[in-house]
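Below is one structure, written out as structure tokens; comments come after it.
This one's a predicted model, so the numbers in the text were calculated from it and none came from an experiment.
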Amino acid sequence: LINFDSTEILSMPLKLNATELGTLSNHHSIEFLPPENTEKIDLRIVSRMKGHFKRYISIAGDYYDGASKNPISIFEDKPELLEQPFLIKESEFQWLIRPGNWEVRKNLMIPENVTLRIEEGTTLKFGENVALISRGALLFKGNKNNPIELVPLGQENARWQGLVVLNASSLSVFEHVNIRQISGVKKDGWELTGGITFYNSNVSITNCNIYKSYTEDALNIVHSNFKIKNLNINETYSDGIDIDFSTGKIQGGHLQKIGSKGGGDALDVSGSMLEVIDLTITEVSDKALSVGEESDVVAKKIKMENVSI
């Protein structure tokens, strides 16, 4: 813990060792107590890559416990996964969840290069501490009359952890999927800020709904290309959509009742290229659209009502 005067310069330098391609970077955690009787203080971090002269300046945000954990862990693919009654191995790299209404009481962990497919009208009910963690693409294709439901198992206020796609080699597709009451993926000493996370995994999301997110980000897209059309997010503890170092387009949709715990942004963008068209944003505790440094955002026909900033 570092407690320093606001005029004092904290000089490191701190070195971060290189990491393997396709994994999240190493990190140092620095906590500090701001001077008393100070309403606002900015912590600016200056960094550069070894052997390069370009400097990057970032302003630190409020502390969130998830940032203290490494969100990538090494999972062993368990052979007993295919013993689940709802899973069919169509081929070596193509798995299918049978149509129907299924209870998922153990983590669904999909191996590298395996595509998991779900067809219309299927409902998966996840236990409280259960998540879907995939190294392959997810093809979840419902339709208007028969959507796919990813919901918690239990009472009305039950929760499940959510889903993450890591380093998938092909495109994930979500069409007419309803995702409800996610608390955030937490496994073996690491956790993610997003209830739904795509890391280095391209994704297309169309006509989907996310209801009640109890995480820092309902949807977090990192180092990925994406297309989002008619995505509705309703009721979040904090941010609605968080886009980090990614490129894509958001068209249509409604982000509402964002940030019930305070400080939530409807759409938070960092280091990304983004086009936003015809998006409706209502009832937001903080900012409708937050654009960080090194971002290029074009926004057209954005409707905003009852937004703090």
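S246 places no side-chain N or O within 3.5 Å of a backbone atom of N225 that could act as its donor or acceptor partner. Judged by distance alone, the side chain of E216 and the main-chain N or O of S238 form no donor-acceptor pair under 3.5 Å. With hydrogens and angles disregarded, no donor-acceptor distance shorter than 3.5 Å links the side chain of R180 to the backbone of P152. A donor-acceptor pair is defined here as one N or O able to donate and one able to accept, closer than 3.5 Å; no such pair exists between the side chain of E275 and the backbone of K249. Of the possible polar contacts, one joining the N107 side chain to the A131 backbone as a donor-acceptor pair under 3.5 Å is found. When atom types are taken as modelled, the side chain of T215 and the backbone of S183 share no donor-acceptor pair closer than 3.5 angstrom. The main-chain N or O of N220 is never found under 3.5 Å from a side-chain atom of D242 such that the two would form a donor-acceptor pair.
Both I228 and I302 are assigned to one and the same hydrophobic cluster, defined by single-linkage of ILVMFWY side chains at heavy-atom distances under 4.5 Å. V222 and M273 fall into different hydrophobic clusters, defined by Ile, Leu, Val, Met, Phe, Trp and Tyr side-chain heavy atoms under 4.5 Å apart, directly or through other members. Residue V173 is not grouped with residue F93 when hydrophobic side chains (ILVMFWY) are merged at heavy-atom distances under 4.5 angstrom, including chains of intermediate members. Note on V104 and V114: same hydrophobic cluster, where clusters join Ile, Leu, Val, Met, Phe, Trp and Tyr whose side-chain heavy atoms are under 4.5 Å apart, directly or indirectly. Linking ILVMFWY side-chain heavy atoms closer than 4.5 Å, directly or via other members, places L231 and M304 in a single hydrophobic cluster.
Considering CD of Q84 and NZ of K106, their distance stands at 6.5 Å, rounded to 0.5 Å. Annotation: the span from K144 atom NZ to N207 atom CG amounts to 9.0 Å, rounded to 0.5 Å. We find the CZ-CH2 distance between F86 and W95 to be 11.0 Å, quoted to the nearest 0.5 Å. Here the straight-line distance linking atom CG of D239 with atom CG of L219 works out to 11.0 Å at 0.5 Å rounding. Distance check: S295 OG to L274 CG gives 8.5 Å after rounding to the nearest 0.5 Å. To the nearest 0.5 Å, atoms CD (Q161) and NZ (K186) are separated by 6.0 Å.
Few gaps surround CD on E103; more than 12 heavy atoms of other groups in view lie less than 6.0 Å from it.
The closest side-chain heavy-atom distance from F226 to I243 is below 4.5 Å. Here the side chains of S170 and T115 are in contact, with some heavy-atom distance below 4.5 Å. Looking at heavy atoms from C-beta onward, E235 lies out of side-chain contact with Y211 at the 4.5 angstrom threshold. With a 4.5 Å cut-off on side-chain heavy atoms, I97 and L87 count as touching. Contact check for I241 versus I250: side-chain heavy atoms found under the 4.5 Å cut-off. Annotation: side chain of L153 is not in contact with side chain of V130 (no heavy-atom distance under 4.5 Å).
For the 3.5 Å distance criterion, the side chains of T193 and D217 qualify, holding a donor opposite an acceptor. For the residue pair N178 and E149, a side-chain donor N or O sits within less than 3.5 Å of a side-chain acceptor on the partner.
Scanning all heavy atoms of the two residues, the minimum distance from R135 to P111 falls at CB-C, 3.8 Å. Between T282 and H254, the closest heavy-atom pair is OG1-NE2, 2.8 Å. For the residue pair I118 and I148, the shortest heavy atom distance occurs at O-CD1, 3.5 Å. Nearest heavy atom pair, residue A168 against residue A137, reads CB-N, 3.8 Å. The two residues I179 and I182 make their nearest non-hydrogen contact at CG2-CG2, 4.0 Å. The shortest heavy-atom contact between T122 and W102 is CG2-CD1, 4.3 Å.
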Problem set entry | Test side chain to side chain contact (heavy atoms under 4.5 Å, CB included) applied to V164 and L192, step by step | CA-CA 9 Å; V164 54; L192 298 174; 3.6 Å; yes
Exercise. How far apart are the C-alpha atoms of N209 and N234, what are their side-chain angles, what is the distance that settles it, and do they pass the side chain to side chain contact (heavy atoms under 4.5 Å, CB included) test?
Worked result: CA-CA 8 Å; N209 298 287; N234 192 334; over 6 Å; no
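In terms of the ring pair (Phe, Tyr, Trp, His ring centres under 6.0 Å) criterion, residue partners of F245 (sequence neighbours excluded) are, by chain and number, H223. With sequence neighbours excluded, no residue forms a salt bridge (Lys or Arg N to Asp or Glu O under 4.0 Å) with E120. Scanning for side-chain hydrogen bond (donor to acceptor under 3.5 Å, both in side chains) contacts around E92 gives an empty result, with sequence neighbours left out. In terms of the side chain to side chain contact (heavy atoms under 4.5 Å, CB included) criterion, residue partners of L138 (sequence neighbours excluded) are, by chain and number, L116, L132, S134, F140, L163, V165, S172, F174. Listed by chain and residue number, N113 satisfy the side chain to side chain contact (heavy atoms under 4.5 Å, CB included) test with S169 (two or more places apart in sequence, or in another chain).
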Validation: residues 256-270 side-chain donor-acceptor distances under 3.5 Å, sequence neighbours left out:
| unit_1 | atom_1 | unit_2 | atom_2 | d |
| --- | --- | --- | --- | --- |
| S260 | OG | T236 | O | 3.3 |
| D265 | OD1 | K287 | N | 3.0 |
| D265 | OD1 | K287 | NZ | 3.4 |

